[in-house]
Protein chains: 4
Amino acid sequence: MGKIFFGNDYNRTGHPAVIEAIARTQGDAFGGYGIDTISEKASAKILEACGAPEGAVYFMVGGTPANVTVIDALLRPWEGVISPASGHINVHETGAPEHTGHKVLPAASGDGKITAAQIEAIVDEYENSGTLEHMVTPRMVYISQPTEYGTRYDLAELEAIAAICRTRGLYLFIDGARLGYALGSEGNDVFLPDLARLADAFSIGGTKCGALFGEAVVFPDKTLAPHFRSSIKQNLGMLAKGWLISAQFDALFTDDLYLRITAKASQQALRIARAAEAAGIARYIDSPTNQQFLVLTRKQHERLAERFVVQFIEAGPGGTDVVRVCTSWSTEDADVAALIDALRVL
Amino acid sequence: MGKIFFGNDYNRTGHPAVIEAIARTQGDAFGGYGIDTISEKASAKILEACGAPEGAVYFMVGGTPANVTVIDALLRPWEGVISPASGHINVHETGAPEHTGHKVLPAASGDGKITAAQIEAIVDEYENSGTLEHMVTPRMVYISQPTEYGTRYDLAELEAIAAICRTRGLYLFIDGARLGYALGSEGNDVFLPDLARLADAFSIGGTKCGALFGEAVVFPDKTLAPHFRSSIKQNLGMLAKGWLISAQFDALFTDDLYLRITAKASQQALRIARAAEAAGIARYIDSPTNQQFLVLTRKQHERLAERFVVQFIEAGPGGTDVVRVCTSWSTEDADVAALIDALRVL
Amino acid sequence: MGKIFFGNDYNRTGHPAVIEAIARTQGDAFGGYGIDTISEKASAKILEACGAPEGAVYFMVGGTPANVTVIDALLRPWEGVISPASGHINVHETGAPEHTGHKVLPAASGDGKITAAQIEAIVDEYENSGTLEHMVTPRMVYISQPTEYGTRYDLAELEAIAAICRTRGLYLFIDGARLGYALGSEGNDVFLPDLARLADAFSIGGTKCGALFGEAVVFPDKTLAPHFRSSIKQNLGMLAKGWLISAQFDALFTDDLYLRITAKASQQALRIARAAEAAGIARYIDSPTNQQFLVLTRKQHERLAERFVVQFIEAGPGGTDVVRVCTSWSTEDADVAALIDALRVL
Amino acid sequence: MGKIFFGNDYNRTGHPAVIEAIARTQGDAFGGYGIDTISEKASAKILEACGAPEGAVYFMVGGTPANVTVIDALLRPWEGVISPASGHINVHETGAPEHTGHKVLPAASGDGKITAAQIEAIVDEYENSGTLEHMVTPRMVYISQPTEYGTRYDLAELEAIAAICRTRGLYLFIDGARLGYALGSEGNDVFLPDLARLADAFSIGGTKCGALFGEAVVFPDKTLAPHFRSSIKQNLGMLAKGWLISAQFDALFTDDLYLRITAKASQQALRIARAAEAAGIARYIDSPTNQQFLVLTRKQHERLAERFVVQFIEAGPGGTDVVRVCTSWSTEDADVAALIDALRVL
């Protein structure tokens, strides 16, 4: 019998309703390159959910293309993007932002988040440098919600970041590759209309949240990036059969499917977290979302790995292993129960 | 009732067997980013069909990413790629090759093809220029099979081009976005093992040949691009759920599905071509594949467009319209018959 | 004794007055990176000569950096620059424009010039393509005055090009690497204020016109490129000791030195051209400036090369050689007389 | 009367012997683009001084072009360069390395230096990440000698770094924009042959060390970058009159001029440093080269600035100002004496 999978949140093809939505398109002919009736309909649904009637939605194949295309479409060559040092664009995109010519300006971060004060300090340092033309101009802030460490900005934090961005002339771009897992997590107070109000651009992740693939990039003000489709094509992200992505989002944004399946996963993760703590296992970071980072002894790690697929992240304090346990829209309650049982006796 | 669609070959979601292949993956967990059992199996099938046991196959999301990533992975910054002026990389990729820093060196082409002699002349001109370091070094030849005008290289032509490439130190890259429509077309003498023997890299197109999306990039010698996966990720083409593409190719390369459905479309196109000629309608270019370019009077064009979706390409001689009629794997014989009837009385 | 040099116009260090101007700066300390009193003064002189009080002048190290930085500062990534196929940016800059991500859109040209009609046709073709987002958007026109073939736009031609650029939303950029040789050439009717009135940016070449090195890039409207200094630095063209270039331009723009020394060279070239024609030697192109292209038999070429350094350009009609004879600000009348004598008996 | 200048080391045109060397070229014609007799001769001198007979020397216009071209010529797009966070390429080149597509991987540094252990840790982290293709591959180490903080690697430190680079497959590139000031500084044990033995490429700075402009890039093994001249041209650094740079280096490498004038400046700086310490003024960093960083109270800073041009660098501890005092080849002993007198009573 195979191991029970908690290794990541992109190991299954997609939610049945999403696959069904694709299969349903089989009988019809559609316009190419994202100009089709399903894309129109799905865009309208998303903009309504965001309370952003003047916005635009672009359906992208994946998270890295979404991030890089937004950066490339908005920044001029001498402008850079402030990011947590641990941010996806700084660590896990094989230098794709730099490949299109844009420097990432990293800000130190322990838990995946940065603060308004850090952003302001970077801009101050630049403006006071006396060597403006010799330095990259900070022009955008990139953050993710939730972060790669599963943490979450609360509304006050986001408001503060957005305020600094406006004051200092920075775009705010929020990477929502796992957005669902934040939206429905316990205690969350940041919802789609908040993102639309505070960010210049943000993405709603599909790949990790029930879709086969695809992210929706939302510009709350559609006039901000009038040439975005040219930029998508140039950045290699224009899917010939664009309806394949929008049909999935149409399904995910029907009857709150997106929220329901991701909220459940975050609740499962929290149950695991509490069971771990009850068993005396420390969490590396206090995450309210679907990724939990447990600090295990080598022996505990080995024992857990006998029955469960989990992911080693990095060496922890005192010879321990930091191990990621990841739920997703496809995680079954029985598997969570099995994991909790295992943690109790680890 | 809607019009009958001959507008392009990417207007339908995908062949039922392909959709079924995706749906069948629903119950299992897979490794991410193209490292999975289905990708292994599909690669092996393709390499066998190509007679290239030492090769490597990479599954890419689309044709433009495939083209640009191959160029970017093989060329150094000061090297360029020779292409027919009408080549996809030169006209319809929004400058994506240049966005990654590579100049396209266009060669004049009336029918979408270029010759070995043209290639040699470009290299000669460069080498005799006396200003080597001031010019882009020709280092790759890009051609497509079939071309954007539906034409096809025969084996002798390809052998000649490959010979020049070897003599003059150029990579040969063949874009097979519509490859199926050439492979099964009447009189074709270039097959997968020929491509594997003559090209340094080539693609087998899925998007236009029965798949929902996806192209297979084949390197007959896998040592040629050892870092290709890094290049895919950096060029924004790394799909998290890589098995979604390989499962489609696995289906297409089972029981010759790929060849059967595309060969049928090319035959349909030829029936249309012959009917047009019988009706006194000239063809702009003599194409043996699924794209036919008819020279119509404005009135004929309008009359045809009442019942059929066709695509205006460019102004033809004497005030005529050059109109593309495109069959595909999804074209029904009844629709072909209706079109032929219409052409007879146009 | 050495051969007499007509090989190019950048073979001598610089005009004595220019070297003297540099030497005179020896005793003083200056601000770095082009922010200094000499640069201010030289800019003011140039803007006055151009009748462009609202303009800005940037002193660049060379012609290729000037061209590429202007393109990179003004264009967005999905926008391209129309250029004669023979234009310097398309042929002799090792793909530097593409290295910074910008596609050059070549227009056919026999004599180095293109027409307003050609430009309009390219824009029309783009706008009527129906695939806007798949193509590079034409957004700038690059021409050179005089061209690489020594030819020259007259005022009516330039007015027509500028009118099309304004109507169709294109920047007009004029590369004046050899501008002096056009300004003072026989029959010229395009002067600095015309360039300032018609172009969005143009360069005044120093390297080939009496300076040791350096070009002045003029934006008649300084608000067009407010971040140009950041772009200069990023494009590797920011000289630490900026006054070294401006001091040279200050000397060249004192007492009309720039115009005098280049006008003399164009007159010398014309004397050579007329002598050649009198001797029955055809000119490949009718050039009024310092570059003359003679069509010689192989034997004539060899005989000429015994005593003179000239440059083979390309094979001419009927087995002839097209050979460039180039005067410059440093060409002596005695050498011109010797060449004329030689042509008479060739 | 003007203030006495200690603001930077590039405020004067150039050493008289260097200006004279340029002026002496006035009477002759030279081959263009760095292919000339002077460049040959100066290269030979430099290679001899480096004990690197199999090397190649390229004369570049400035330090930033030298850095970026070396990076761009050696790295593939998915490879990155490790640099001290304070390194010139990471902070003061307006993102030029990223503009050509290369990510800088910053390593924390307090004094401008990094260690072999830090380099190894970065490579280890990459290799153990489990996500190789999602991360930039570390492939080069960039350090400067002396650093931007005036500090200096000793031979043992350099040997250790070079050893790690060889073991882990990294190029070692040493930026010597101020190299002279290290070579002749008190206690230095790293000389040109050491650099040639340990580095894959290094630069010998002219701009700040007596030249008007220009850096010599040395590849101890000339086969490492056979296409470097194409890369220079593409990266906008090909000077038409290349002899202008090599003539300067020829003069600087005659009779040890380069070493003598920079060694004197480092000795002057050390006298200033000791006078400061004698006066109870702390140094921010213990620099043995021409840049000294003094920690002054605001009042001391203001008093000093009345008579001397110095450069504010950053806020120091306890409300102090960190102020740079910079000597150079042009600093006069009388000015040093005046500064020392001023420091005594500050």
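Predicted, not measured: the structure shown is a model, and the values here were computed from it.
- For C:Tyr10, the parts sitting under 4.5 Å from any heavy atom of chain D are the backbone and the side chain alike.
- Aromatic pair C:Tyr149/C:Phe293: ring centres closer than 6.0 Å.
- Contacts between D:Leu244 and chain C at a heavy-atom distance below 4.5 Å involve the side chain alone, from C-beta outward.
- Of the atoms belonging to D:Asp72, it is side-chain heavy atoms, and not backbone ones, that fall under 4.5 Å from chain C.
- With chain D as partner, the option from C:Thr64, C:Ile22, C:Val309 having the largest number of non-hydrogen pairs under 4.5 angstrom is C:Thr64.
- If you tally non-hydrogen atom pairs under 4.5 Å between each of C:Gly237, C:Gly27, C:Gly63 and chain D, the highest count goes to C:Gly27.
- For residues 94-103 of chain D, a heavy-atom distance under 4.5 Å to chain C picks out D:Thr94, D:Gly95, D:Ala96, D:His99, D:Thr100, given by residue number.
- Only the backbone of D:Asp28 comes within contact range of chain C, judged by heavy atoms closer than 4.5 Å.
- With a threshold of 4.5 angstrom between heavy atoms, D:Phe30 approaches chain C through its backbone and through its side chain.
- Of the N and O atoms on the side chains of C:Ser328 and C:Lys208, not one donor lies less than 3.5 Å from an acceptor on the other residue.
- Shortest non-hydrogen contact noted between D:Cys209 and D:Gly180 is SG-N, 4.1 Å.
- C:Gln268 and C:Asp333 share a donor-acceptor pair across their side chains, judged by distance under 3.5 Å alone.
- Most heavy-atom pairs under 4.5 Å with chain C: of the set D:Leu212, D:Thr69, D:Thr25, D:Asp36, this distinction falls to D:Leu212.
- Side chains of D:Asn67 and D:Glu93: a donor-acceptor N/O pair is present below 3.5 angstrom, by distance only.
- For the side-chain hydrogen bond (donor to acceptor under 3.5 Å, both in side chains) test, residues two or more places apart in sequence or in another chain that qualify with C:Arg229 are A:Glu133.
- Side-chain polar atoms of D:Lys241 and C:Thr207 form no donor-acceptor pair below 3.5 angstrom.
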Let's go through D:Phe219 and D:Phe228 carefully: what are the C-alpha distance in whole Å and the side-chain angles of both, what is the deciding distance for ring pair (Phe, Tyr, Trp, His ring centres under 6.0 Å) to 0.1 Å, and is it a yes or a no?
CA-CA 10 Å; D:Phe219 288 92; D:Phe228 198 68; 4.9 Å; yes
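- Minimum interatomic distance between D:Gly205 and D:Tyr258 (heavy atoms only, all atoms of both residues): O-OH, 2.7 Å.
- If you check the side chains of C:Thr13 and D:Trp243, you find a donor sitting under 3.5 Å from an acceptor.
- When heavy atoms are compared at a cutoff of 4.5 Å, D:Ala177 does not approach chain C at all.
- Contact count against chain C (heavy-atom pairs under 4.5 Å) is highest for D:Ser230 among D:Ser230, D:Gly62, D:Ala240, D:Gly32.
- Residue contact with chain D, scored on non-hydrogen atoms closer than 4.5 Å, involves the side chain of C:Leu239 exclusively.
- What you find for D:Asn90 and D:Pro106 is that their closest heavy atoms are ND2-CB, 3.8 Å.
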